[in-house]
Structures are given as C-alpha cells and as structure tokens.
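Data block below; observations after.
Note that these values count all heavy atoms, side chains included, but never hydrogens, waters or copies made by symmetry.
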Amino acid sequence: MSQHILTAVAWPYANGPRHIGHVSGFGVPSDVFSRYQRMAGNKVLMVSGTDEHGTPIQVQADKEGVTARELADRYNRVIAEDLVGLGLSYDLFTRTTTHNHYAVAQEIFLGLYKNGYIFPKTTMGAVSPSTGRTLPDRYIEGTCPICGYDGARGDQCDNCGNQLDPIDLINPRSRINGETPVFVETEHFMLDLPAFSEVLGTWLQSKQGEWRPNVLKFSLNLLGDLQPRAISRDLDWGVPIPLDGWRDRNDKRLYVWFDAVIGYLSASIEWARRSGDPDAWRQWWQNPDARGYYFMGKDNIVFHSEIWPAMLLGYNGEGARGGTPGSLGKLALPSEVVSSEFLTMEGRKFSSSRQVVIYVRDFLERYSADALRYYIAVAGPENQDTDFTWSEFVNRNNGELVAAWGNLVNRSISMAAKNFGAIPEAGDLTDADRALLERSRTAFAAVGAELQRSRFKNAVTEAFDVVRDANKYLADQEPWKIKDDPERQKSILHVALQVVDDAKTLLTPFLPNSSNKIFEMLGGEGVWSGMPEIREVDEDGGPTYPVITGDYQGAARWEHRPIKAGTPLAPPTPLFAKLDPKVVDEELARLAD
RNA sequence: GGGGCGGUAGCUCAGCCGGUUAGAGCAUCGGACUCAUAAUCCGUGGGUCGUGGGUUCAAGUCCCACCCGCCCUACCA
C-alpha cells in the first residue's frame, strides 16, 4: 500500500558552510530514509531550506559590513551546494526569505492569534545604545551577582550555573561591541505554551514505544514547567508581524524559531505550486494516512516535539482554549521526531572558530560523497555522541567500501566479463547456491524493517553481511579453479552477480552514486536512483534564487529483481578509491593549523 | 542550579522486558587462496562492562550516591 511520507529535514542556519557534523545529524539520515521510502513505493515529500532570519545573522552581517540579506544570499547558495554535493534528494530545498514563506508564517501566526494562543506582554529588554537594536540575553555578559564570576552570560552564569536575568548583571556589556546596554520597556507577543501542556502530554504519551526513548523522555519532562514563550523580537530582519499597527513597523519581527519551523509547511506549499498542483501539499498534511518524519540533531528536539506541535495544535484550535482551524485547514502533527546525537572531531567538539572542523565542501573535494555517506551511516551519532577520526574513516573506506563491497563487485563482474562477456546462464543450483540467493532475498525485509525504524547502523550492517557472505561464497566455490566445468562456473557467477545486484539495491539508500554505476554495469538502462540538482527559480518574476530539487522516480525498487542472462558485460572499473593511509596525517595537519 | 543522554575489548560501536562461558567491525598474530584496487577466506589472542554501595536465586542490564564527557535551559545538528 502506497503511503504519503513527509520527510521534514531540519533547516540549516545560513551563517556559514555546513560541516560534517551538521550533515550527520539531519542530512544523511533523512536522505537514506527518503530514498528507502521511495524504493518501497511510498510517495515521499522531502522538504527543507536555509533558515535565514534572526539576530546571529544580523550580527555577523554587521561584522562583515554587508546586509543580512547579502549574507543570507551567500550562505543559502553555499549550503545548497554542500547538500547537493552529498546527493541529498530534497523534493524542495528552499529558504525562509521567500514571499511564500512570509505569507504562510503570517497565516500561522494569525490562526494562533485568532484562537487566543498568542497574547502581548511588556517586558524589559536590553538595547544597544549605538545601533538601537535589542541585545538578546546571550549577547550580554558581565559579573555574576551570585558568585562574582566575571564572564557570566545574560541568561546564565557558566561558573556557578545559576540562571540569571541580564538586568541583574554587574557591569553588563555587549559581547558584540563592548558597550553598556540600556534596559527599556518593549512589547512582545507570547505563545501560550501552558495552554497545550495537557494535549501535548496526551499526544506524546501515544508515541510511547514508537519514538526513540531519549527523545520521548526529554519531551515529556519539559511538559512540567511550560512557560509562555516570546515569539517576537526587536529586529528589522525577519517576518513582519501581521497585525494592524505592527505590520509596518521596522523594529519588530517574528522570532526566528517561530518562522523557521513553519518552513516545513511553507516549503511543502511552495513545492506544490511549482509542481503545477497548488493543493498537492494537502496529501501530506491533511490526509490521515500520511506520516511525517522530522530529522534533526539533539539540540533541536524541543522545537520539534513541543513548540511546533503546540503551534499546529493551536492553529487547529485543539489547545485548552479551543478555537477553529485557520484558512489552510487542520494540519497534521509530526508522526515521529528522529533525533541524532552529536559528532565530535578527533575527540573534540566541532568549532569553526578554533579550526576543529571539516566542511562538507572541503571533504567532497578530496573524497567521494558515498564514502562520507557510508561513514555517517555506519559510524555516525545515531544513539550517542560518536567521534569522527580520520584513521577510522580511512579504515572504513579501505576495508569495507573498497575491500569488501567494491572488490566483490569487481571480482564478480570481471570474472564473468573475461570468461563469458555477458551475464551467464545458471544451470542446476546446489544447496550453497540456493542458500546465498535466499540470503540476499530475505535481507530486503530485514534491512527494510531497520530503515523503517530509522535504525541506520543496523540496516547498513545487515546489508553488509550479505556482502560478506557473498565473498565467502566465492571463496568456497572457487569458480576460478574449475576451468574444466564451464557450466558449473556459469552457475556460480550467475549466482554471484545476482547477489551483487541484490546488494546494490540494498545499499542504494546509503550509496546511491555507486549503486547507480553498478546498475549500469549490469546492463540497466535509464535512471536507477535519481540525484538532486540546483535550479534557479523566482517568485512571480522577482529575483532568482537556487533551490534543490530533482526527479527521483528512478527504476529503483526495494525488491529482488532477476538479472538477465546474456546481458553483455564490460570489464569493470573500480567503484571506490582506495585511500593512502598518509591522508590521515595530512588531514590531521590541516586541523592543527 | 534544573532537565536529558552517555561512560562496554587497542580503536569505533551493538547489547530489547535482569538469566547459561559479554558481542560485531577494524587493528594484532597464525594459516589458506589468487578471480579481484595485495583485495578475499579460515583460525587466534584480547574486556573485574566509569567508581562505590544496594535489591535479587541471578545485574553490563533495576535502585541510590559519586566521578567524567556531551546536549538543552530564547536561536552552533
């Protein structure tokens, strides 16, 4: 039965290029999942984009002497290129600075407002006297009034751990330019999260046994002390507040997190419009059989398991204050929040400022996308923080991708090509032949079940067990020794090639580039698993911007398919590049800079 | 300070509701083979499961305390 699957991928923040820690959290897992779901016959809509509003972007733009818009334009493109390079199959990767996104974000705000879940409140805020801009708590530091530590941040003292109010800091100063902030009254809009604690609790409880326990436990725990949360900011960079008297103010904008999570919906709507059927998005958001899977790193859990669901419930009129759905109609909550832990780098935290970082684009300049995808799938931070080391990367690449899998493909095709020039016919099968064929066939259900649950490590490990068994089979059968019995030799190579073909299917979600090559080597025509591309688009003739999209309706299906005897075979070229162990030292030297 | 997660072989990691001699891959060592990017296959050694208590016939697996690492606590996945 074909199902509608929304793959909602966390929106990368447009303040710099992506490093491999970022893509190990939201990128590769979401793509593996989506490719699998498409192969399984489901209708996948995979959306995301760059998150371009907020104070950090404004601050960095000021620092570089450009406008926030210019900075966002730059990194929107850089990030899109990073993600395309990895082969991430977004149906639409867009951005939050589109007219469409502004309109949808404002519609959600209005729906919540009309249903009584948003209310105004006057608070004291810190303002930078020279720029007139609000200073978020994090951008203020000073002496802690409790312990006397001098480097306390406005929201918390790192020394004694106490939560602080920036107005209490002794000698407060801006971390941006050192000046002393002034505190003024400012009016903001608050999202009434407590009005959702009961309905969120019921909803979360229903996910027991389905979600990863760490995500669920964390989310349930937050329900205890939900507080109203400000969803506006004193800033001129962001989505305007769509109320009379506010709309035209250039000093008030929606809080970046409020608008960013709406991106999942606005991107779905933009995709539908570009596809020619403006209502197509409803199949993923209003169809009771559709499922929505959200992929992110662990620091994002609260926004996806608490705030975004609360916003949807409020828009639907399903919080404690009741209400009616807004003009878009009732919207679906996440089915599952899939969160990754963090990747560390040679034992240290990723840090762009301290050069403890590997950018995706630098990585892809020297190594293949499949090599990185494989490493993240098999050794990534799925259940706990994990450490990326270059020696581990080289070992995995050389020992598993090249020696086990690449070599199996190469030796099988090479022998068959040399001896028969085509896929040979199978004669009578022995027990060993049947056992191996059975092995790869049953792997589809086993690997598929793991992928369905987002257990990528288990999935790729099981798929690789087939590869190991196939190498063992060849070692046992020794087809190179039985030159006097070409019929038997044909059978063995037919079986080996069949299992190679099955394994390439099993590995397609992880290694789409190399699986596409194997598909061609074995005589496949057309596209096996589609790859993404960047297209320049615009909105009603406005400025163009890049989006990631693609046609992913390839031939790939999650099933065994018989190879055709007689298909011509050419001598193969290696699939994966073997790495010289010296690259470990070279890469470590780069880090030490 | 509050909350969450983790600390298992040299390395990177699996171990669901507690149950026989704690697993995988890589690395080490020994052997076999030569179709293949010297790749493959077989065998071998290696861990008082962070520390200290407790519950139990039985604990890596439950409870308590502590140590260490990481995340969130109004914006670095």
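Under the salt bridge (Lys or Arg N to Asp or Glu O under 4.0 Å) criterion, A:K207 pairs with no residue at all, not counting sequence neighbours. Residues satisfying the side chain to side chain contact (heavy atoms under 4.5 Å, CB included) criterion with A:A377, sequence neighbours excluded, are A:F510. Checked against ring-ring contact (aromatic ring centres under 6.0 Å, His included), A:H101 has no partners two or more places apart in sequence or in another chain. Residues satisfying the side chain to side chain contact (heavy atoms under 4.5 Å, CB included) test with A:A230, not counting sequence neighbours, are A:M190, A:R233. Taking A:K517 as the reference, A:L575 meet the side chain to side chain contact (heavy atoms under 4.5 Å, CB included) condition, with sequence neighbours excluded. In this structure A:E450 satisfies the side chain to side chain contact (heavy atoms under 4.5 Å, CB included) test together with A:R453, A:R455, A:N458, A:A459, A:E462, sequence neighbours excluded.
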What pairs of nitrogen or oxygen atoms, one from the protein and one from nucleotides 3-6 of chain B, lie under 3.5 Å apart?
residue : atom : partner : partner atom : Å
B:G3    : O3'  : A:N221  : ND2          : 3.2
B:G3    : O2'  : A:N221  : OD1          : 3.3
B:C5    : OP1  : A:K217  : NZ           : 3.3
B:G6    : O2'  : A:Q384  : OE1          : 3.4

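Residues in residues 373-392 of chain A take part in these ring pair (Phe, Tyr, Trp, His ring centres under 6.0 Å) pairs, two or more places apart or across chains: A:F363-A:W390, A:Y367-A:W390, A:Y374-A:F464, A:Y375-A:F388, A:F388-A:W390, A:W390-A:F393. Evaluation of the salt bridge (charged side-chain N to carboxylate O under 4.0 Å, His left out) test over residues 46-61 of chain A, restricted to residues two or more places apart or in two chains, returns A:E52-A:R95.
Contacts with RNA chain B (heavy atom under 4.0 Å) in residues 476-488 of chain A: A:W480, A:K481, listed by number. Contacts between residues 463-472 of chain A and RNA chain B, defined by a heavy-atom separation below 4.0 Å, involve A:R468, A:N471, A:K472, listed by number.
When base pairs are accepted only as Watson-Crick or G-U wobble with both N-N or N-O distances under 3.5 Å, RNA chain B takes part in stems of 3 or more pairs at B:1-7 with B:67-73, B:10-13 with B:23-26, B:29-32 with B:40-43, B:50-54 with B:62-66.
Between A:K457 and the phosphate of B:G25, there is no side-chain N or O to OP1/OP2 separation shorter than 4.0 Å.
Judged by distance alone, with hydrogens and angles left aside, A:N407 brings a side-chain donor or acceptor within reach of the base of B:A36, the pair sitting under 3.5 Å.
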